[in-house]
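Report on the structure given below.
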Amino acid sequence: MLTRKQQELLLFIHERMKESGVPPSFDEMKDALSLASKSGIHRLITALEERGFIRRLPNRARALEVIKLPDVYGAPPPKRGFTPSVIQGSRDAAAGQREVARPAAARPVESATMTVPVMGRIAAGVPISAIQNNTHDIAVPAEMIGNGSHYALEVRGDSMIEAGILDGDLVIIRDGSTATQGDIVVALVDEEEATLKRFRRKGDSIALEAANPAYETRIFGPDRVKIQGKLVGLIRRYH
């Protein structure tokens, strides 16, 4: 059960996101609920988060997501936001590193399709700038992705051609930090290079295996590799 103030705040955030797609500011929440200070809003948001009604998205200002509403009010608004914790830039980048927000769960467009954000390019070969900001959304068959948060990346390179992944393909990635033997994953190496490779464990090490004999398998210590998601689908355009 929610208190009256918790319910009022949840519905205010919900209605504002339906109208503008952007959560209200803390000052707007304070005024809407006639509270004397923003500390009361912080307490209400924490309570709603602990009860599973909202989620705060990391590394973004005013980043709130309504996960559910009390049953009497129906479904929440479409989910927004994005965050694979992949850092823009390669080992050779002169500028610093930058994280972007994690992806929201795919949202329904109609019964047969879902939309996922296209987040830039991923290297399937030599290191390149791996992740950019959300450029646009793409509709994909709902049965391709299932549950969870997803994002799409444009492939650059030919190191995965024997796995049927070609330069220019769009790969659909389920966001996550774990992988099993043989999964094709987005791997972040040394916090600066992101690449699409097959995941293997070799003793205490991690192998990132290409699907092209022209490329060598790369071996790393487990502390040097972070899994950013797992391949679940592929979209190819023919021109």
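This one's a predicted model, so the numbers in the text were calculated from it and none came from an experiment.
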Smallest separation among heavy atoms of [X] and [Y], with atom names:
| X | Y | value |
| --- | --- | --- |
| P24 | M29 | O-CE, 3.1 Å |
| F220 | L208 | CE1-CD1, 3.8 Å |
| E193 | R218 | OE2-NH1, 2.7 Å |
| P117 | H150 | CD-O, 3.5 Å |
| G52 | I67 | O-CB, 3.8 Å |
| H42 | F26 | CE1-CE2, 3.0 Å |

| task | Take L188 and V225 through the test side-chain contact (heavy atoms from CB on, under 4.5 Å) and record every step on the way to the result. | result | CA-CA 6 Å; L188 180 65; V225 176; over 6 Å; no
Is any side-chain heavy atom of [Y] closer than 4.5 Å to one of [X]?
| X | Y | result |
| --- | --- | --- |
| D137 | V118 | no |
| L196 | I165 | yes |
| I227 | T178 | no |
| S177 | Q228 | no |
| I45 | L64 | yes |
| L170 | V155 | no |

| message | Between K197 and T195, do the side chains contain a donor N or O and an acceptor N or O under 3.5 Å apart? | response | yes
| message | Regarding E154 and R156, does a basic nitrogen lie under 4.0 Å from an acidic carboxylate oxygen? | response | yes
| query | Is it the case that one hydrophobic cluster holds both I161 and I235, taking links as side-chain heavy atoms less than 4.5 Å apart, direct or via other members? | reply | no
| task | Kindly work out whether a path of hydrophobic side-chain contacts (I/L/V/M/F/W/Y, heavy atoms less than 4.5 Å apart) joins Y215 to I219. | result | no
Is it true that a side-chain atom of [X] and a backbone atom of [Y] form a donor plus acceptor pair closer than 3.5 Å?
| X | Y | answer |
| --- | --- | --- |
| N212 | D158 | yes |
| Q6 | A47 | no |
| D183 | T180 | yes |
| D167 | G157 | yes |
| R198 | G182 | yes |
| R16 | F12 | no |

As an exercise, state the distance from [atom1] of [X] to [atom2] of [Y], rounded to the nearest 0.5 Å.
| X | Y | atom1 | atom2 | answer |
| --- | --- | --- | --- | --- |
| L234 | M160 | CG | CE | 11.0 Å |
| L48 | L9 | CG | CG | 5.5 Å |
| L69 | Q7 | CG | CD | 9.5 Å |
| L10 | L44 | CG | CG | 10.5 Å |
| T217 | R200 | OG1 | CZ | 9.0 Å |
| F53 | E65 | CZ | CD | 14.5 Å |

Within a radius of less than 6.0 Å around [atom1] of [X], do more than 12 heavy atoms belonging to other residues, nucleotides or ligands occur?
| X | atom1 | value |
| --- | --- | --- |
| K5 | NZ | yes |
| E216 | CD | no |
| D27 | CG | yes |
| R236 | CZ | yes |

| request: Before giving the answer on side-chain contact (heavy atoms from CB on, under 4.5 Å), spell out for L35 and I41 the whole-Å C-alpha distance, their side-chain angles and the decisive distance to 0.1 Å. | output: CA-CA 8 Å; L35 297 180; I41 296 297; 3.6 Å; yes
